[in-house]
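A short worksheet on the structure shown next.
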Amino acid sequence: MDTILVVNAGSSSVKFQIFAIEGEGRLRRQIKGQMDGIGRRPRLRASAANGDPLADRAYPIEAVSDIPAAMAVAGGWLRDELRISPIAVGHRVVHGGPDYDRPVAIDHGVVSRLERLIALAPLHQPHNLAPIRSLLANFPALPQVACFDTAFHRTHGAVADHYAIPHRLHAEGVRRYGFHGLSYEYIAKTLPQIAPDVGKGRVIVAHLGSGASMCALKGGRSVESTMGFTALDGLPMGTRPGQIDPGVVLYLISEKGMSASNVQNFLYRDCGLKGLSGISNDMRELEASDDPHAALAIEYFVYRIGLNAGMLAAALQGVDAFVFTAGIGENSAGIRRHIGEQLAWLGVTLDPVENSRHAQLISRSDSLIPVYVVPTDEELMIAQHTLSLLLNGPSLNPARERAA
Ligand code: ADP
């Protein structure tokens with residue numbers, strides 16, 4: 001059976017999934033895997049869609065020293081042991097810049113354009129591009145598709161796309177892009193099947209995982225996001241502070257003598273729930289703790305979600321539904337309950353029983369705004385985009401494109 005490989009490459013891990021293409025272009029997840037500890041303690045783990053383990057094996061550092069090597073090992077395992085040779089590969093790529101408002105078939109020209117965006121996402125873009133380049137070199141005829149975290153938000157109006165800074169910086173790419181776009185696109189596509197009227201309306205979606213953001217959807221299109229130029233802005237996250245006065249950054253530089261890379265590490269790794277609680281970046285640990293700092297971190301998280309909901313409600317000029325998704329949003333009834341209380345002024349009333357059993361609709365029938373829990377599926381979104389470009393795209397064969 002034909003399959004599609006979905007790749008999400010980070011600094012020290014490559015996550016991958018295999019989807020089988022069934023009749024009428026339906027996709028069925030077959031395998032989830034990841035190569036962790038690249039260049040440190042490489043380990044390949046994979047399981048079938050039903051959770052049955054398929055592999056868990058360690059490799060010497062020399063065998064998996066970088067992302068291309070990790071791709072080669074994982075690809076070899078799929079091919080030699082499972083007899084799986086995907087007919088196309090979809091990649092998660094964090095930044096599509098100002099121009100890419102949808103997924104794109106990859107060729108050498110696209111790779112060069114995406115390389116120019118490295119300055120906008122230096123921590124992610126190079127890792128996302130590494131497997132693309134190595135597959136292009138080793139399998140030049142294998143169709144590849146880039147799916148961007150920013151693309152879904154390119155529908156934002158000019159005002160939402162700007163900071164109040166001189167135009168020349170906007171022109172060179174300093175814009176409010178927004179991220180988690182593949183997750184929001186999945187929710188926007190799924191919502192009409194759950195509640196057709198709601199899908200057409202004004203919806204606030206809260207993607208609350210280790211990264212967290214919120215998106216305002218109008219008629220299934222993104223009109224505003226809590227994230228901006230980078231994935232640092234907006235809500236507090238596991239280890240990132242979310243919205244912070246730039247004056248704090250200036251203080252760190254001028255008074256604490258921190259370099260740009262110190263500040264970068266601090267903002268990406270030491271802040272958020274971890275920094276504020278001093279305990280953990282994992283919401284489960286904070287909820288289980290009776291330390292007052294853990295309680296403060298949770299209260300701050302919930303409070304900022306409430307503030308940002310007000311902002312997005314203003315952008316939408318009203319709210320017809322609220323959706324929770326991602327790790328915390330899908331799994332923590334306690335956090336949803338607190339957020340529900342924070343949104344009471346909007347007319348939200350949660351149903352405690354439905355909320356505690358993680359039902360799809362968790363608000364009471366008399367709630368002015370229905371509240372849903374919709375598990376996200378960014379990998380399926382990538383597989384669907386890849387398949388649709390494979391079936392409908394102009395030419396998905398980079399080798400053919402080059403020859404043309
Ligand atoms: P990402 O894909 O960004 O790594 P996820 O969407 O998988 O993140 O979310 C991971 C986070 O979700 C964890 O760090 C944890 O804080 C939170 N989480 C997962 N399950 C639960 C739970 N049952 N209760 C509270 N938080 C949870």
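Every number for a ligand or one of its atoms is a count from 1 in the order of the listing. Below, all heavy atoms of this structure are taken into account, side chains as well, without hydrogens, waters or symmetry copies.
- Residue Asp282 approaches ligand 1 through these ligand atoms, each under 4.0 Å from one of its heavy atoms: 15 (C), 16 (O).
- Listed by number with element, the atoms of ligand 1 under 4.0 Å from a non-hydrogen atom of Ala326 are 6 (O).
- Regarding atom 23 (N) of ligand 1, its nearest protein heavy-atom neighbour is Asn331 CB, 3.3 Å.
- Using a 4.5 Å heavy-atom cutoff, the side chains of Leu182 and His385 are in contact.
- Donor-acceptor pairing under 3.5 Å is lacking for the side chains of Arg202 and Gln317.
- If you look at Glu330 next to ligand 1, there are no close heavy atoms at all, none under 4.0 Å.
- The option from His358, Lys15, Glu378, Arg284 that lies nearest to atom 19 (C) of ligand 1, judged by heavy atoms, is Arg284.
- With hydrogens and angles left out, the side-chain atoms of His153 and Ser222 include a donor and acceptor closer than 3.5 Å.
- Contact between Phe301 and Ala212 at its shortest, heavy atoms only, is CE1-CB, 4.5 Å.
- For the pair Gly238 and ligand 1, no heavy-atom separation below 4.0 Å is found.
- Residue Gly209 has at least one heavy-atom neighbour below 4.0 Å for each of these atoms of ligand 1: 5 (P), 6 (O), 8 (O), 9 (O).
- Listed by number with element, the atoms of ligand 1 under 4.0 angstrom from any heavy atom of Glu287 are 24 (N), 25 (C).
- For atom 16 (O) of ligand 1, the closest heavy atom belonging to the protein is Met283 N, 2.9 Å.
- At the shortest separation from atom 17 (C) of ligand 1 among protein heavy atoms lies Ile328 CG1, 3.4 Å.
- A salt bridge does not link Arg240 to Asp233: none of the charged side-chain nitrogens sits closer than 4.0 Å to a carboxylate oxygen.
- Counted by atom type alone, Asp161 and His170 present one or more donor-acceptor pairs between their side chains at under 3.5 Å.
- Between the side chains of Arg336 and His358, at least one donor N or O lies within less than 3.5 Å of an accepting N or O.
- With distances taken over non-hydrogen atoms, the option nearest atom 9 (O) of ligand 1 out of Gly327, Ser280, Gly334 is Gly327.
- Under the side chain to side chain donor-acceptor pair (under 3.5 Å) criterion, Glu379 pairs with no residue at all, not counting sequence neighbours.
- Here's the thing with Ser210: one of its N/O atoms is less than 3.5 angstrom from an N/O atom of ligand 1.
- Ser332 and Glu287 form a side-chain donor-acceptor contact under 3.5 Å, judged by distance and modelled atom types alone.
- Applying the 4.0 Å criterion to heavy atoms of Gly211 picks out, from ligand 1, the atoms 3 (O).
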